[in-house]
Amino acid sequence: MSPAGVEPPRGPGGLLGPAEIRDLAARLGVAPTKKLGQNFVHDPNTVRRIVTAAGLAPEDVALEVGPGLGSLTLALLPVAAHVHAVEIDPVLAGALPETAARHAGPDAGRLTVHRADALRIGAAELADPAPTALVANLPYNVAVPVVLHLLAELPSLRHGLVMVQKEVADRLVAGPGSKVYGVPSVKLAWYARARAAGKVPPNVFWPVPNVDSGLVAFTRREPPRPEVPRERVFAVVDAAFAQRRKTLRAALAGWAGGADRAAAALTAAGVDPGARGESLTVEQFAAIAASAPAAAPNAQ
């Protein structure tokens, strides 16, 4: 922790710049780890850009995952009604309130820090007040599972903006027919409309990653077939892309209890059994799940 009575220098506008990031990390004895996918943003202009692109309204309650040393947190506090910061690293979680108090002034009172795993946290822990917007620089190694978990667990989330590895960003926003369209693309589309919101160069991070990052914006929507259980739809998606080179008749044979049963379900859904998963919309996957034979997983 910082020595008593000694306030670390502030970056531009109260945000953390490269010197402040390294100084704070040294004070805490923190070194970024690949295991936790940690790459700390040290450029104030980048965090301002993220917050602006997130389009937060004054009443929005922001959820930040992996706040790290607090770069993005400090930019969120003045513009959100409240900020929930979920941090798995105990040292970083313990230091964040002090960082906010030193740099954000009275806005620090809007912060709640949760020492928790974002893949396990649920609505009960984040209920007061409930988050309405996810704004985060997500650890590369868990980005997709975190986004999907939070959208499933937090119906209060209406929109968001996340920074992820550029390759992951491309997958999340891909549409049918794209070479990178796959499971993440379809599952995110079940919850929300997503779009690419820009690219972020490696040099704004410490340590510098060997890849670009991308911004993905999303807005929650009603599922295309709300009467069909999400688990049933996702079982079809997983099966279709597990063998993406095969036709759907063959790829869904295991799921349906046989190739003929798969073909019948596809035909009933208005989908060509000779098509491949990469050509289908989320609406078509939902239609297939709705016509699932009794033997199919999650069909009951």
Side-chain angles (χ1 to χ4, degrees), residues 30 32-41 50 54 61-73 76 82-96 111-173 182-192 194 205 209 211 213-218 220 223 229-235 237-238 241-242 298:
V30 167
T33 69
K34 285 187 177 181
K35 180 180 179 182
L36 296 179
Q38 292 170 327
N39 294 91
F40 301 134
V41 182
I50 291 170
V61 175
L63 171 60
E64 183 185 7
V65 172
L69 294 167
S71 299
L72 181 56
T73 314
L76 287 168
H82 196 84
V83 177
H84 290 283
V86 179
E87 176 57 63
I88 195 171
D89 185 304
V91 174
L92 294 174
L96 191 56
L111 175 65
T112 302
V113 179
H114 305 265
R115 158 72 174 94
D117 182 347
L119 286 169
R120 297 181 180 277
I121 202 163
E125 297 98 315
L126 299 167
D128 189 22
T132 60
L134 174 63
V135 187
N137 168 28
L138 291 175
Y140 284 170
N141 54 349
V142 294
V144 171
V146 163
V147 170
L148 296 178
H149 169 75
L150 294 175
L151 283 168
E153 291 293 319
L154 302 173
S156 61
L157 279 180
R158 306 314 305 166
H159 64 114
L161 184 95
V162 295
M163 181 159 60
V164 297
Q165 186 175 339
K166 181 64 166 56
E167 180 183 341
V168 174
D170 291 343
R171 290 176 182 171
L172 286 172
V173 303
V183 172
S185 323
V186 183
K187 290 185 177 179
L188 180 56
W190 171 262
Y191 296 107
F205 296 95
V211 294
S213 295
L215 300 176
V216 174
F218 66 84
R220 172 89 74 166
R230 179 185 72 242
E231 295 80 7
R232 190 187 302 180
V233 178
F234 284 10
V237 174
D238 289 336
F241 285 101
N298 299 301

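It should be emphasised that the depicted structure is a prediction, and the values quoted were computed from it without experimental measurement.
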Rounded to the nearest 0.5 Å, what's the gap from [atom1] on [X] to [atom2] on [Y]? Could you check?
X	Y	atom1	atom2	answer
L134	L151	CG	CG	7.5 Å
Q165	D170	CD	CG	10.0 Å
K187	F241	NZ	CZ	10.5 Å
L63	T112	CG	OG1	11.0 Å
T73	L111	OG1	CG	6.5 Å
Y191	L150	OH	CG	10.0 Å

Which atom pair, heavy atoms only, marks the closest approach of [X] to [Y]?
X	Y	value
G122	L154	C-CD2, 4.0 Å
A116	V86	O-CG1, 3.5 Å
V164	Y140	C-CE2, 3.8 Å
V113	A93	CG1-O, 3.6 Å
A136	L72	CA-CD2, 3.9 Å

Applying salt bridge (charged side-chain N to carboxylate O under 4.0 Å, His left out), name anything that partners E125, two or more places apart in sequence or on another chain.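 Expected list: none.
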Derivation of the side-chain contact (heavy atoms from CB on, under 4.5 Å) call for E167 and V211: CA-CA 9 Å; E167 180 183 341; V211 294; over 6 Å; no
In the structure I gave you, are the side-chain heavy atoms of [X] and [Y] within less than 4.5 Å of one another anywhere?
X	Y	answer
E87	L96	no
M163	V41	yes
V168	L172	yes
I121	H114	yes
L126	V61	no
L92	F40	yes
L157	R220	yes
L138	V142	no

According to side chain to side chain donor-acceptor pair (under 3.5 Å), does anything in residues 143-157 pair up with another residue at least two apart or in another chain? List the pairs.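 For residues 143-157: none.
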Polar side-chain atom of [X] near backbone of [Y] as donor-acceptor pair, under 3.5 Å:
X	Y	answer
N137	N39	yes
R115	I88	yes
H82	D128	no

